[in-house]
Structure formats: C-alpha cells, structure tokens
Amino acid sequence: MIESAVAVPAAAARIPVMAFPANRLRRLRRTETLRALVRETRLTPESLVYPLFICPGTGIRKEVRSMPGVFNLSVDEAVKEVRETRALGVLSIILFGLPEKKDEVATGAWAEDGIVQRAARAIKSEVRDVVVMGDVCLCEYMSHGHCGIVKVNDKAGPQSLGAAAAPPATAEYEIVNDASLELLARTSVSLARSGVDIIAPSDMMDGRVGAIRGALDEAGFENTPILSYAAKFSSGFYGPFREAADSAPQFGDRRSYQMDPANIREAMREIELDIEEGADMIMVKPAMPYLDVIAAARDRFDLPLAAYQVSGEYAMIEAAARNQWIDRERVMMESLLCIRRAGASIILTYYAKEAAKLLA
Ligand code: PBG
C-alpha cells in the first residue's frame, strides 16, 4: 500500500465532497466578478511596508545595481519618496542607513545625528500620518560588517578587533552576544528619540528584544512597539541588500547568529522567546522560500505577523522580467498575494509603492 505523503487535516476530511458531475469547481471561476466574490485573500496597500536606504548628501537618488528601481536616497529625496508612497495608501516605511563612517562600535547606528535619525526627524516633521519603522542592526555601521561586536581570540588571548577590518587569517573570532545588546538598546532609544514609531531589531542576538524593551521603557518610550525579526534565516537571498546598504561582512558569514535555513521548529522557539521578551509583532524573513514558516507561525501565534520579501526575491523577479521570461507585474502581485495567503498580515517589500499603484 502506498502511504500519502501529505497528511489530510481533520477539518478538511469532514468536508463532504460530491463527485463530478454534481460538483464542478469551475462554475465559480467562470468570470472575474465570480472570482472576485469567492476570493479568499486580498492585498491592501495598508499592509505593505516600503524599505528605504538613506545616504548622506542632498539631491541624491542612486540606483542600486542589483536592485533596479531601488535607490539610495538622501534625506531630502527620501521625504519626497515617502510623501508619494503615503499618497498611494502605503502607511509604513522602514529605514536603513548608509553612514558617513563605519567603526568597531557602530557609532553611526546610535549617534544623535546618525543618518537614520536625521531621516526619521525629517520624515516625521514633513509627512503626516506615516508609520516610520527603524531597522535596528549594527552591520551597516560596523567596519567589519557583522551585526554585533567582534572579538578575536588570538594566541595572545582575547582582544578586540581594534582598527583592523579583519582578524588575522589564523585567528578565531566570535560575534559576542551580550556586549552587543547594549549597543542595540542604545540604537533603539536613539531611534525612538528621533521619532521612529516602531523599533525593528534584525540582528539575531539572543536576548535583544528584552534588552531593547527594558531600555525603551527606562527612557520613557513604553508606548513604542517592537517588531522583532524573530525568525531571520541566514540567507543567500540577502545578497543585493548588502550592496544596497553596503553591509556585507568583511570576513566570515552570519551563520553563527542568523538561523539555519533547515530549521522550522527552531524558528518557532525563536518566535516564542521574542514574544516572552516583549515583542509586539513578529517577522519571518525571507518570505517566499519560507512560506511554510510563515504558515506555521500564523497557526501558532496570535501577534501581528510580518514577512519580508527580501532583496534577492525582488532581484530574481526583476532579472527574469528583464529577460522577458516572466510577466513582471503579474509575478510581483502573485508573490505578494501568496505571502499573504500563507499568513503574513504585513509585508515588507520593495514593491510596496508599485503594488499600491496597481491596487488603486
Ligand atoms: C540587517 C538586515 C539585512 C536585511 C534586513 N536587515 C541584511 C542581512 O542580515 O545581511 C536584508 C533585507 C533584504 O535582503 O532585503 N542585518
């Protein structure tokens, strides 16, 4: 006997199914009006979050090579972009920063006049009713491009990385967890002070949600929510982002802190712990290759659930469309709809602005 590879859920087993010809599912697919009537999932611009990469200078709009249609924007250009996006019904944006300088303590991430802090202030004062999310991570601001403090264990004993961008080839290094929490907490408070509405930590250090919650509360930001990148996988799909944000690690990779793509049960533990530490919303990232993780998280947790359609997902659609191998708009909308169907109520996507235009 052949066993079915897919277990039939108990609820589905109870649905009475009459055989053909009494039952013809095509009856409700006949016209677009009928299809619209029975459609189970809908996209709305309010559920989309538009990521922006903020760079120094004025009047700058520099296209990212591996992400056609995505730009590094100076603060003034970002304000314009947010105004246009907001007018299309997209309520939220998320900010990433390209600082003037990088160092070993990510000063640019938590500086009062940091690039994201400046952008947040300008956007909040010039655009009404927009939700500004701040990505909290150190990689864009660290000279070595890792998401935490790096400690080198040389023969001479442990030492900090110092001014060198990379440890000696023979040395072992470690991304230290607990010391990094202080910088992440400091960054979060600084972003909240500059007007950021939602703090979104993407670093994957253990305990960061609790540390950030504590620091925000202590600074009087007890009403600022945390959207935790709870299940963030160590993914090749982040490639183009690292070019956009100039944040590629200078040595090694992120596998010692981001999750193994093989693990869904561990993803549930990550999410559970972030909720215990005080996350108000949770995220799964990337989106399309991880729809099962989104569905499992939706099933198990009752917090608002976000998914990030990441740079590589965007770049693949763009590249195939440029070759005329796929219908760009159709695949763009289908990819977003399916992420939503899997269970994400909020989608971070580089298509937010364009999708909103098509939805209007
Ligand atoms: C920062 C961060 C990354 C992304 C969001 N926040 C890059 C990374 O972890 O390497 C990726 C987003 C994308 O690929 O679109 N840690």
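Residue indices begin at 1 and follow the sequence shown. Ligands are counted one by one from 1 in listed order, and the atoms in each one are counted from 1 as well.
- In summary, the atoms of ligand 1 found under 4.0 Å from a heavy atom of Lys285, numbered by their order in the structure, are 2 (C), 3 (C), 4 (C), 5 (C), 6 (N), 11 (C), 12 (C).
- A heavy-atom separation below 4.0 Å is not found between Met204 and ligand 1.
- Contact annotation: for Asp135 versus ligand 1, heavy atoms closer than 4.0 Å belong to the side chain alone.
- Looking at atom 12 (C) of ligand 1, its nearest protein heavy atom turns out to be Phe241 CD1, 3.3 Å.
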Q: Run the numbers on Glu243 and Arg65 for salt bridge (Lys or Arg N to Asp or Glu O under 4.0 Å), then give the verdict.
A: CA-CA 8 Å; Glu243 188 189 326; Arg65 193 188 49 89; 3.1 Å; yes

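- Counting only distance, with no hydrogens or angles, the side chain of Lys62 and the backbone of Ser74 share no donor-acceptor pair below 3.5 Å.
- Closest non-hydrogen pair, Gly145 versus Arg254, comes out as O-NH1, 2.7 Å.
- Close contacts between ligand 1 and Cys137 involve ligand atoms 1 (C), 16 (N) [criterion: under 4.0 Å to a heavy atom].
- Remark: minimum distance from atom 14 (O) of ligand 1 to any protein heavy atom is reached at Ser311 OG, 2.7 Å.
- Of all atoms in ligand 1, numbered sequentially from 1 with element shown, those under 4.0 Å from a heavy atom of Ser202 are 1 (C), 2 (C), 6 (N), 16 (N).
- Against a heavy-atom cut-off of under 4.0 Å, Phe96 is close to the following atoms of ligand 1: 5 (C), 6 (N).
- A chain of hydrophobic side-chain contacts below 4.5 Å, direct or via other Ile, Leu, Val, Met, Phe, Trp or Tyr residues, connects Met281 to Phe301.
- Residue Glu140 places no N or O, backbone or side chain, under 3.5 Å from any N or O of ligand 1.
- In terms of protein heavy atoms, atom 2 (C) of ligand 1 is closest to Lys232 NZ, 3.3 Å.
- The Tyr308 neighbourhood of ligand 1 comprises atoms 12 (C), 15 (O), with distances under 4.0 Å to a heavy atom of that residue.
- Residue Gln258 places a heavy atom less than 4.0 Å from ligand 1.
- Under 4.0 angstrom from ligand 1, the non-hydrogen atoms of Cys139 all belong to its side chain.
- Looking at Gln117 and Ser190, their side chains do bring a donor and an acceptor atom within 3.5 Å of each other.
- With respect to the salt-bridge test (charged N to carboxylate O, under 4.0 angstrom), the residues Glu266 and Arg269 do not qualify.
- Annotation: cation-pi pair Lys232/Tyr238 present, NZ/CZ under 6.0 Å from the ring centroid and within 45° of its normal.
- Remark: the backbone N or O of Val127 is not paired with any side-chain donor or acceptor of Arg83 at under 3.5 angstrom.
- Looking only at atom types and distance, the side chain of His146 has a donor-acceptor partner in the side chain of Tyr257 under 3.5 Å away.
- The nearest non-hydrogen atom to atom 8 (C) of ligand 1, considering only Arg254, Gln309, Glu313, Met283, comes from Arg254.
- For the pair Tyr350 and ligand 1, a heavy-atom separation below 4.0 Å is found.
- Contact check on Arg118 versus Glu100 returns a salt bridge, with a Lys/Arg side-chain nitrogen under 4.0 Å from an Asp/Glu carboxylate oxygen.
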